[in-house]
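Sharing a structure, written as structure tokens. Questions coming.
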Amino acid sequence: MREEPENIVELEHVAAGYPSETVLEDVTFSVRRGEIFILLGGSGCGKSTIMKHLAGLNPVVSGRLAVCGMEWTPRNRAKLCRRIGVMFQSGALFGSMTCLENVLLPLEEFSGLGRTERRLKAESLLSDVGLADAADKMPSEISGGMRKRVAIARAMALDPAVLFLDEPGAGLDPVTSAGLDDLVLRLRAERGTTFVVVSHELESIFKIGDRCAMFDRARRAMVALGAPQELKSGSKDPFVRAFFNRGRTNG
Amino acid sequence: MGFLDSLGRAAAAKVESFSALCSFTGETAAAILLLPFRPRRFRFGDFAMALQRASWDALAVVSGAGVLLGVILAFESATALKMFGAEVYVSDLLAIGIFRELGPLITAIILAGRTSSAFAAEIGTMKAGEEIDALVTMGLKPVRFLVPPRIAATVVAMPVLTVCAELAALFGGAAVLRMMDVPPAVYWDHVKSTTGPWMISYGLLKSALFGFIAGFMGCFCGLKTEPTADGVGKAATAAVVGSIVAVGVADGIIAAVGYLMEG
């Protein structure tokens with residue numbers, strides 16, 4: 001087991017966005033090892049942009065961002081990619097591969113395991129997410145919720161220190177969405193994995209979130225940081241109160 | 001001011017596009033050149049699937065186009081040669097034109113329309129569906145993962161398709177000349193005497209190069225797709241146009257160089 005730092009994710013005075021447009025300014029927070037941390041806010045507030053920075057897809061505009069104690073530099077990229085797992089909003093499974101082949105891909109490329117061990121591990125991961133019987137199905141043959149489960153299994157393949165989940169409940173019915181929340185809680189309990197989850201679904205936030213950071217598009221800033229229940233009952237910010245009391249804003 | 005602004009933006013976009021092309025060319029060259037040292041990294045499954053789509057699935061349309069090409073060329077050239085009572089030389093003209101130039105060219109245009117656009121749409125859809133981002137976050141290079149199998153498929157498929165198109169064109173020409181009372185034996189004798197291994201190899205090498213261009217342009221346009229439904233459509237169109245223009249330019253250069261070398 002690798003030794004991970006106490007703070008798996010650290011952002012210090014980060015300006016998030018693109019060189020041509022800054023979406024959020026002066027974002028500072030850290031995610032502790034084993035924590036389920038929620039990035040929340042209304043549509044277009046920049047939470048998925050932060051997720052892309054965390055996953056190394058886009059560089060931050062300014063400030064310091066570190067994952068597992070390392071910044072996303074070309075030198076660190078290969079190492080960091082083995083320490084993170086990402087589940088995209090659509091699942092992003094490869095349509096030309098079966099579910100099992102999707103999970104096998106990172107194992108084939110990076111695990112160093114033999115063919116039989118790789119297959120056993122991929123089957124075990126699919127079993128962990130409750131999809132042992134979907135191994136030979138193509139992504140087009142399974143439901144949206146199942147695709148997200150396969151994506152989580154694929155993201156878990158290399159035993160990452162942190163999993164980034166982009167709106168896991170988006171487009172799913174409440175029962176399936178709750179099932180994914182249960183899966184996240186179970187994986188954290190069994191493996192100790194840290195999760196950073198983009199969400200704006202209150203039920204899910206209260207169920208799985210240890211702490212959350214909340215963003216406001218209008219102010220282009222992080223407006224709250226803390227446990228969901230504390231923010232709901234203790235925040236004096238009208239935007240935060242409105243969000244927790246009435247649900248989505250700006251969306 | 002508005003004009004200058006749009007001119008500046010257009011110029012910046014062209015520079016960006018050229019820079020992306022250079023970067024893609026370098027990454028593709030590195031991916032292909034490193035393959036002999038890491039053969040296990042070549043995705044044979046993707047290659048087989050792309051090869052089937054590029055060759056077998058295109059066989060009927062390429063053969064059909066070949067027959068039409070032969071028929072049209074035979075009719076058009078016979079109209080002129082008939083005035084001199086030289087219809088029999090239509091076969092010579094057909095053989096030279098088809099093997100040296102038109103066989104590879106017509107096949108490349110069909111490949112650009114079918115396969116290059118399909119590559120661009122497929123990779124563009126992967127980009128819109130965040131599959132390319134998924135590769136990046138796994139630490140895989142999209143170019144290394146996606147491009148070599150597809151380019152290999154078009155490089156292998158093109159010469160095969162070209163041979164089919166050329167044979168189909170010759171049979172189309174033979175049918176027309178048969179109607180003009182030129183005996184098939186005479187026709188095929190003229191074809192054989194006009195062509196030789198060098199001419200056929202020249203056409204096939206050219207067709208392999210055109211296959212490379214079609215595969216390359218399809219993958220390039222796919223990877224620079226804007227991740228929207230509209231963007232995928234634009235990428236497919238850009239792949240077809242880019243492939244045809246690049247094939248035309250390459251063909252022109254080869255023809256000029258060939259002429260200078262022979263002269």
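Residue numbers start from 1 in every chain, and the chains themselves are labelled A, B, ... in the order their sequence lines are given, proteins ahead of strands.
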- prompt: Given that the side chain runs from C-beta out, which part of A:L80 has a heavy atom under 4.5 Å from chain B: side chain, backbone, both or neither?
  reply: neither
field: Inter-residue atom distance B:R41.CZ - A:E108.CD, 0.5 Å rounding
entry: 12.0 Å
message: If you count every heavy atom of other residues, nucleotides or ligands that lies below 6.0 Å from B:K127 atom NZ, does the total exceed 12?
response: yes
Heavy-atom contact with chain B under 4.5 Å, split by part of A:A55: both
field: Contacting moiety of A:F110, where chain B heavy atoms sit under 4.5 Å
entry: side chain
message: side-chain contact (heavy atoms from CB on, under 4.5 Å), that's the test. Do B:T137 and A:F88 meet it? Break it down for me.
response: CA-CA 10 Å; B:T137 58; A:F88 291 89; 3.9 Å; yes
message: I'd like to verify something: which residue of A:G91, A:G85, A:C81, A:A157 has the highest number of heavy-atom pairs under 4.5 Å with chain B?
response: A:C81
field: Structural part of B:R38 lying under 4.5 Å from a heavy atom of chain A
entry: neither
statement: One should read off an interatomic distance between B:D133 CG and A:N58 CG, to the nearest 0.5 angstrom, of 8.0 Å
- request: Mark yes when over 12 heavy atoms from residues, nucleotides or ligands other than B:E16 sit less than 6.0 Å from its CD; otherwise mark no.
  value: no
- prompt: Closest heavy-atom contact between A:F94 and B:A134?
  reply: CZ-CB, 4.4 Å
- prompt: Looking at CG of A:L105 and CZ of B:R43, how far apart are the two atoms once the value is rounded to the nearest 0.5 Å?
  reply: 5.5 Å
- prompt: Just wondering, more than 12 heavy atoms not from B:K234 lying within 6.0 Å of its NZ?
  reply: no
- line: Correct closest heavy-atom pair for A:S90 and B:G129 would be OG-O, 3.2 Å
- prompt: What's the spacing between B:E130 CD and A:L93 CG if we round to 0.5 Å?
  reply: 11.5 Å
task: Using non-hydrogen atoms and a 4.5 Å limit, figure out which bit of A:M87 sits close to chain B: side chain, backbone, both or neither.
output: neither
statement: Rounding to 0.5 Å, atoms CE (B:M138) and CZ (A:R154) come to a distance of 3.5 Å
Which portion of B:M126 sits near chain A, non-hydrogen atoms under 4.5 angstrom: side chain
Check against side-chain contact (heavy atoms from CB on, under 4.5 Å), A:R77 and B:V136: CA-CA 10 Å; A:R77 173 163 285 277; B:V136 174; 3.9 Å; yes
